[in-house]
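Chain naming here is simple, since letters A, B, ... match the order of the sequence lines and numbering starts at 1 in each.
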Number of protein chains: 2
Amino acid sequence: MASIKDVAAEAGVSVATVSRVLNDHPSVSADARTRVLAAVEALGYRPNAVARSLRTDQTHTLGLVISDVLNPYFTELARSVEEEARALGYSVIIGNADERPDLQDHHVRNLLDRRIDGLLVSPTDGGSPLMLDAARAGTPMVFVDRWIPGVDVPVVRADGRAAVRDLVAHLHGLGHRRLAIIAGPAATTTGRERVEAFREALAACGLDLPDAYIGQGDFQAESGRRVTEGFLDLAEPPEVVFAADNLMALGALDAVRARGLRVPDDLALAAFDDIPWFVHTDPPITAIAQPTGELGRAAVRALVERIEGRPGESVTLPARLVVRRSCGENPTPVQRSTS
Amino acid sequence: MASIKDVAAEAGVSVATVSRVLNDHPSVSADARTRVLAAVEALGYRPNAVARSLRTDQTHTLGLVISDVLNPYFTELARSVEEEARALGYSVIIGNADERPDLQDHHVRNLLDRRIDGLLVSPTDGGSPLMLDAARAGTPMVFVDRWIPGVDVPVVRADGRAAVRDLVAHLHGLGHRRLAIIAGPAATTTGRERVEAFREALAACGLDLPDAYIGQGDFQAESGRRVTEGFLDLAEPPEVVFAADNLMALGALDAVRARGLRVPDDLALAAFDDIPWFVHTDPPITAIAQPTGELGRAAVRALVERIEGRPGESVTLPARLVVRRSCGENPTPVQRSTS
DNA sequence: CCTCCTCGTGGAATCGATTACATCGACTGG
DNA sequence: CCAGTCGATGTAATCGATTCCACGAGGAGG
């Protein structure tokens, strides 16, 4: 593959001049410029990004470490991150942690070794020493969706509190009183937060959340199935199950089906995170939708701010309730778009 | 960030020795080794992958350019590619082409500039000059799912012919006679092939495929909707629609719903590509399932073979029919696993 | 005891770019 | 007419690794 030296030789100039032309530095004669451009064309020369990065100490690459690519929420997030990054002149390397802290560390280390300019993370756990060190060492970093408390890093996320309140009000309005939740891992902020929001919303309706109605899931479908089976085995099973993410909702749906029961007649179902498929399930699933695309874009913008030396702001956007049929029929739709 | 020089200074040896320790070269004394390792530990040194790549001309990185990340089929493919690559010591940079040839070219160019060791592509179109040049120039390359005819590059894909035959037989057995297809772009091999397989399978049942029953889609949901509306407006609408991918099936489902019609009573529906959600749609959708994970792994293995100088084999795996309820109820399941 | 290998090590070239500094010619203004 | 300036260009250092080659010490064999 042709290098800058070959181009210089072909054009009859020095490598410095070639470099100047390529980075359109002002002081190059029109003559030299055309000769260089012609040589570039003739040789099919493309600058070696590796060499350039070594010299300039910039890779124009962002790392994105997410917890589960197969989760449509994160897929959409990844997509919007890549789009915004591309618009700003960056590439993205995605690392899939599969909800496993060891894999997450593997990816963070790998990305750091590759000298990415900045790191976007949705941490699976409370924070590996590796990531904390990186943050402390000054690696530009932004948390998206989930975060690690006590680390001085901007956080871009959705606030689901209002939407959860709307959801519980909706459920209460439909006459449901025994509400259960399939929680995410306590090690994640979203895992904890959603339970808390749910508990508070219940309290506002005068209901409480017994321990038996809190099932411990791990954001994967299988755990949703398992927890739901546990709920159904209770002496007094809940009337509604709220899954803290879409995959666990899927597992819950499976579990209900497997028993020959029906949603919402035998058990109502709602989920955090809305995805296109929820419109088409049987029945369509009531969900809390995050502004995923906007989250991804805001996260990239914050990260690029940091990279370029500016502070980089935390952003919190509201989620909103989308009512469908999985919690029971109600002629009056409670589709409030919360502020 | 500490460099190899800092480590050498700290350990009181030369950089050459440090490098030898790090690449466990045999001729290093035990004493030097421990001193170097201690220095590495003390400084928290991590080798700079950029510098290493420049020198060795290897990035241990594969590029994967897919047509649409939001399509669960490709998401799963990407995941299995990343897993297998990681197992073999490679990282993966994913480029999302969004079915747009210009974006595809952008990613290919970007990946080439970054000097990835090999390229995995599922081309959106018949082949940009850029990609053909890269292949001719000897960039290790493998096509996955889709390919470009006449290019000497291994192809890893699923053969759906047998499964399509099974599907048509199943539909014929249910009494359907007017079968239509929502085709993918003619520029893609999978787009063309699936139509051909469908036509042949129909012929085997003594049916033919009128032009009016071939709708031109682009593998995106919206096109499935549009084409299905066209079918429903026909004087003699089809009884079954076969969508050449899962997103177009989703669009078709939407279109049917929007008219207040029902699947399968008013229009039966089947799709190429099976995804977890098809179990949960209303009704569950009959689909042709590709061995996606195996495809991804085989593609990576073939690519790594090429990178390491060996030939690298093309692989074709069978797809299989998964019967659900979207084509009508039939007590006898035709769930044949084809050879 | 000398020669020859082997082993461990360091010096320095190298990969392909960017960029500070030096140089040189032409032009301008006093 | 000469000093000073400016624009275009080249030379060489540099980024952080790998690796070829040379060198010295020590052991084996004649």
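Evaluation of the side chain to side chain donor-acceptor pair (under 3.5 Å) rule for B:Asp31 yields B:Arg35 as partners, not counting sequence neighbours. Remark: B:Arg301 pairs with B:Glu294 by the side chain to side chain donor-acceptor pair (under 3.5 Å) rule, at least two apart or across chains. Residues passing the side chain to side chain donor-acceptor pair (under 3.5 Å) test with A:Asp57: none are found, sequence neighbours excluded. Residues forming a ring-ring contact (aromatic ring centres under 6.0 Å, His included) with B:Tyr45 (at least two apart in sequence, or on another chain): none. B:Thr124 meets the side chain to side chain donor-acceptor pair (under 3.5 Å) test with B:Gln104; sequence neighbours excluded.
The salt bridge (Lys or Arg N to Asp or Glu O under 4.0 Å) analysis of residues 104-120 of chain B, with sequence neighbours excluded, yields the pairs A:Arg46-B:Asp113. Applying the ring pair (Phe, Tyr, Trp, His ring centres under 6.0 Å) test to residues at least two apart or on different chains, none of the pairs has a partner in residues 107-158 of chain A. Sorted by first and then second residue, the salt bridge (Lys or Arg N to Asp or Glu O under 4.0 Å) pairs involving residues 86-99 of chain B (not counting sequence neighbours) are A:Arg79-B:Asp98, B:Glu82-B:Arg86, B:Glu99-B:Arg146.
At least one donor-acceptor pair closer than 3.5 Å links the side chain of A:Ser314 to the backbone N or O of A:Val155. Side-chain atoms of A:Thr75 come within 3.5 Å of backbone N or O of A:Val69 as a donor-acceptor pair. For A:Asn110 (side chain) and A:His106 (main-chain N/O), no donor-acceptor pair under 3.5 Å exists by modelled atom type.
Contacts between residues 45-61 of chain A and DNA chain D, defined by a heavy-atom separation under 4.0 Å, are made by A:Leu54, A:Arg55. For residues 21-42 of chain B, proximity to DNA chain C is found at B:Ser27, B:Val28, B:Ser29, B:Ala32, defined as any non-hydrogen atom under 4.0 angstrom from a strand atom.
Note on A:Ser3: only backbone sugar-phosphate atoms sit closer than 4.0 angstrom, heavy atoms only; bases stay farther off. Within 4.0 Å of A:Val13, counting heavy atoms only, lie sugar-phosphate atoms of the nucleic acid but no base atom.
The terminal axes of the helix from C:dC1-D:dG30 to C:dG30-D:dC1, fitted over 5 pairs per end, subtend an angle of 50° to the nearest 10°.
Running 5' to 3' along DNA chain C, contacts with non-hydrogen atoms of chain B at under 4.0 Å begin and end at C:dG8 to C:dG16.
For the pair A:Val304 and A:Tyr90, the minimum side-chain heavy-atom distance is below 4.5 Å.
With DNA chain C read from its 5' end, the first of the two nearest nucleotides for B:Gly12 and B:Arg115 is the one closest to B:Gly12.
The CD1 atom of A:Ile4 sits 14 Å away from the C1' atom of D:dA12 (whole-angstrom rounding).
At a cut-off of 3.5 Å, with distance as the only test, a side-chain donor of A:Tyr73 or A:Asp145 sits close to an acceptor on the other residue.
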